[in-house]
Amino acid sequence: MKWQQLWPSDGDDMKGVPLPRARAAPRRRLWISVAVAFIVITVLWAYLYPPQDYTYPVRDWFPSEPARELTDEETAARVVFRQILSTPPFPSRNPKIAFMFLTPGKLPFEKLWELFFKGHEGRYTIYVHASREKPEHVSPVFIDREIHSDKVGWGMISMVDAERRLLAKALEDIDNQQFVLLSDSCVPLHNFDYVYDFLMGSKHSFLDCFDDPGPHGVFRYSKNMLPEVRETEFRKGSQWFSIKRQHAMVVIADSLYYSKFRRFCKPGMEEGRNCYADEHYLPTLFHMMDPAGIANWSVTYVDWSEGKWHPRSFRAKDVTYELLKNMTSIDVSSHITSDEKRELLQRPCLWNGLKRPCYLFARKFYPEALNNLMNLFSNYTIF
């Protein structure tokens with residue numbers, strides 16, 4: 001085809017310029033549509049099927065789930081908790097530590113504790129919850145320190161009831177500022193001054209709390225706890241705590257969450273689940289209500305290295321200077337998850353942001369270890 005055939009004869013200045021191709025624009029639109037579709041598919045795939053070990057920022061592009069409206073009971077409970085936590089404790093001219101002993105009967109280490117308390121009268125109070133029989137005391141500091149007690153069953157809500165009973169009695173003394181829960185097999189790892197300064201100077205309560213995705217953790221959760229307690233909020237931890245006065249008040253004031261654990265956390269539940277309230281109630285409650293207020297580790301050392309239902313118990317032959325020194329030097333809190341991964345969870349023990357040894361007390365010791373502990377007390381408690 002000749003160029004002059006496409007243009008009028010009088011348009012000599014336009015000769016040699018070809019016409020635009022009519023098919024170019026549709027092809028360009030097609031490629032744009034393909035590119036847009038590819039991007040959309042990629043974004044949706046990334047959102048719906050992200051790698052397990054990575055979270056794409058694309059999730060942030062989508063609106064978050066709307067906050068659930070709280071029930072009337074939850075609203076009331078949180079108002080009370082917020083008021084308690086924001087109100088400073090009553091100023092005391094003589095702040096004390098409440099040592100609360102949860103025991104079935106006698107306290108085999110009374111003489112050791114008497115040595116620990118000696119010379120510090122007026123800086124501590126003692127409360128004893130004896131669930132089976134009234135103990136016969138061998139130390140004068142424990143005489144007449146029993147509170148009204150009731151029977152306690154291992155793994156039952158009655159264990160939590162006993163803890164709340166001890167806290168309520170100890171809260172009657174306005175000078176009590178710290179509340180330590182101990183068992184009959186507990187012993188001190190430091191001298192009184194060290195323990196007093198450690199607890200009184202801390203900004204946090206020492207409550208063990210961690211997320212266990214295995215059968216001894218989240219598997220114990222029951223959906224009957226909804227809507228107040230969600231599975232993602234369910235936590236586990238040792239029952240042996242040291243908490244400040246505001247947190248002790250929260251435990252006593254709570255009825256809503258306590259009732260959930262009373263009804264739906266117990267041995268012999270549906271699907272073969274065995275839930276133990278003393279391991280889950282307080283960790284879950286404070287994880288939900290005041291996670292920044294707890295240290296997430298206990299100041300009471302327990303050895304779970306044997307992997308049994310109960311921790312290792314120490315006999316007289318086990319109690320050496322080296323054993324106790326090692327306990328006082330541990331500065332990392334450790335847990336092992338109960339799922340197939342058996343993941344080791346470790347965190348440094350931080351005291352007001354500073355790394356410090358974790359433990360003030362230890363358990364479980366056989367009564368036969370008393371003499372060895374008495375002989376070593378003045379040496380190992382200097383650390």
Side-chain angles (χ1 to χ4, degrees), residues 67-100 125 127 160-161 163-181 196-211 225 227-230 232-262 277-299 333 347 349-354:
R68 175 179 64 84
E69 183 177 355
L70 300 180
T71 65
D72 291 344
E73 293 80 5
E74 286 177 286
T75 301
R78 297 191 181 211
V79 167
V80 172
F81 296 159
R82 186 164 56 246
Q83 183 67 34
I84 292 173
L85 295 173
S86 62
T87 302
F90 187 84
S92 171
R93 295 181 180 180
N94 183 36
K96 298 186 293 186
I97 299 177
F99 291 86
M100 308 180 303
T125 47
Y127 303 88
V160 175
D161 294 338
E163 296 172 6
R164 286 160 57 97
R165 196 174 292 118
L166 280 163
L167 286 171
K169 190 64 179 179
L171 281 166
E172 290 181 341
D173 188 337
I174 60 174
D175 289 329
N176 286 334
Q177 301 297 307
Q178 295 285 338
F179 302 78
V180 181
L181 183 67
Y196 186 91
D197 293 341
F198 189 102
L199 296 180
M200 289 298 185
S202 174
K203 299 176 182 177
H204 300 89
S205 288
F206 296 95
L207 183 75
D208 195 25
C209 177
F210 72 103
D211 183 11
M225 291 186 177
E228 292 85 358
V229 180
R230 295 179 294 179
T232 55
E233 297 167 326
F234 194 72
R235 290 296 182 271
K236 182 181 179 179
S238 167
Q239 75 177 107
W240 310 107
F241 59 73
S242 175
I243 59 178
K244 56 187 180 180
R245 190 173 182 90
Q246 292 98 325
H247 285 157
M249 291 289 294
V250 167
V251 176
I252 297 303
D254 176 46
S255 61
L256 174 62
Y257 301 97
Y258 165 79
S259 65
K260 288 288 182 176
F261 280 84
R262 184 179 186 86
D278 57 290
E279 294 183 5
H280 299 284
Y281 167 58
L282 291 183
T284 302
L285 176 67
F286 284 104
H287 172 73
M288 295 171 60
M289 296 301 127
D290 191 21
I294 60 175
N296 293 307
W297 47 278
S298 170
V299 289
S333 173
R347 68 177 71 199
C349 294
L350 300 179
W351 183 88
N352 295 344
L354 302 175

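Put simply, CG on L256 and OG1 on T71 are 6.0 Å apart, with the number rounded to the nearest 0.5 Å. Note: M288 CE to E233 CD = 4.0 Å, rounded to the nearest 0.5 Å. Atom CG in L207 sits 8.0 Å away from atom CZ in F241 (nearest 0.5 Å). Put simply, CZ on R230 and OG1 on T284 are 12.5 Å apart, with the number rounded to the nearest 0.5 Å. Atom CZ in F81 sits 14.0 Å away from atom CD in Q246 (nearest 0.5 Å). Note that the OG atom of S238 and the CG atom of L282 stand 10.5 Å from one another [nearest 0.5 Å].
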Legend entry - Worked verdict on M100 versus V180 for side chain to side chain contact (heavy atoms under 4.5 Å, CB included): CA-CA 6 Å; M100 308 180 303; V180 181; over 6 Å; no

Inset, instruction - Take L70 and E228, measure what side chain to side chain contact (heavy atoms under 4.5 Å, CB included) needs, and give me the verdict at the end. - result: CA-CA 8 Å; L70 300 180; E228 292 85 358; over 6 Å; no

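Partners of K244 according to the salt bridge (charged side-chain N to carboxylate O under 4.0 Å, His left out) rule, which considers only residues two or more places apart in sequence or in another chain, do not exist here. With sequence neighbours left out, F210 forms a ring-ring contact (aromatic ring centres under 6.0 Å, His included) with H335. Residues that satisfy the salt bridge (charged side-chain N to carboxylate O under 4.0 Å, His left out) test with R262, not counting sequence neighbours, are D161. Annotation: disulfide (SG to SG under 2.5 Å) contacts of C349 (sequence neighbours excluded): C358. Not counting sequence neighbours, the partners of F261 by the ring-ring contact (aromatic ring centres under 6.0 Å, His included) test are Y281. Evaluation of the side chain to side chain donor-acceptor pair (under 3.5 Å) rule for T75 yields no partner, not counting sequence neighbours. With sequence neighbours excluded, the residues satisfying side chain to side chain contact (heavy atoms under 4.5 Å, CB included) with L171 are F179, R245, A248, M249, I252. E163 pairs by the salt bridge (charged side-chain N to carboxylate O under 4.0 Å, His left out) definition with nothing, not counting sequence neighbours. When the side chain to side chain donor-acceptor pair (under 3.5 Å) test is applied to S242, no partner is found at least two apart in sequence or on another chain.
Ring pair F198/F206: centre-to-centre distance below 6.0 Å.
A salt bridge (charged side-chain N to carboxylate O under 4.0 Å, His left out) check over residues 83-99, counting only residues at least two apart or in different chains, returns the pairs K96-D173. Under the salt bridge (charged side-chain N to carboxylate O under 4.0 Å, His left out) criterion, the residue pairs touching residues 69-85 are R68-E74, with sequence neighbours excluded.
The heavy-atom pair separating D254 from Y257 by the smallest distance is OD1-N, 3.1 Å. When all heavy atoms of A253 and V80 are compared, the closest pair comes out as CB-CG1, 4.2 Å.
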Side-chain donor-acceptor distances from residues 291-298 under 3.5 Å, at least two apart:
from : atom 1 : to   : atom 2 : distance (Å)
W297 : NE1    : A295 : O      : 3.3
S298 : OG     : W240 : O      : 2.7
S298 : OG     : T300 : N      : 3.1

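Using a 4.5 Å heavy-atom threshold, the side chains of H247 and L85 count as touching. No side-chain heavy atom of D290 sits under 4.5 Å from any side-chain heavy atom of V250. Between L285 and Y258 the shortest side-chain heavy-atom distance does not fall below 4.5 Å. At a threshold of 4.5 Å between non-hydrogen side-chain atoms, the residues K236 and P283 do not count as touching.
No donor-acceptor distance shorter than 3.5 angstrom exists from the side chain of N94 to the backbone of D175, with no hydrogens or angles considered. Put simply, the side chain of N176 gets close to the backbone of A170: a donor and an acceptor are under 3.5 Å apart. Put simply, the side chain of Q177 never gets that close to the backbone of P95: no donor and acceptor are under 3.5 Å apart.
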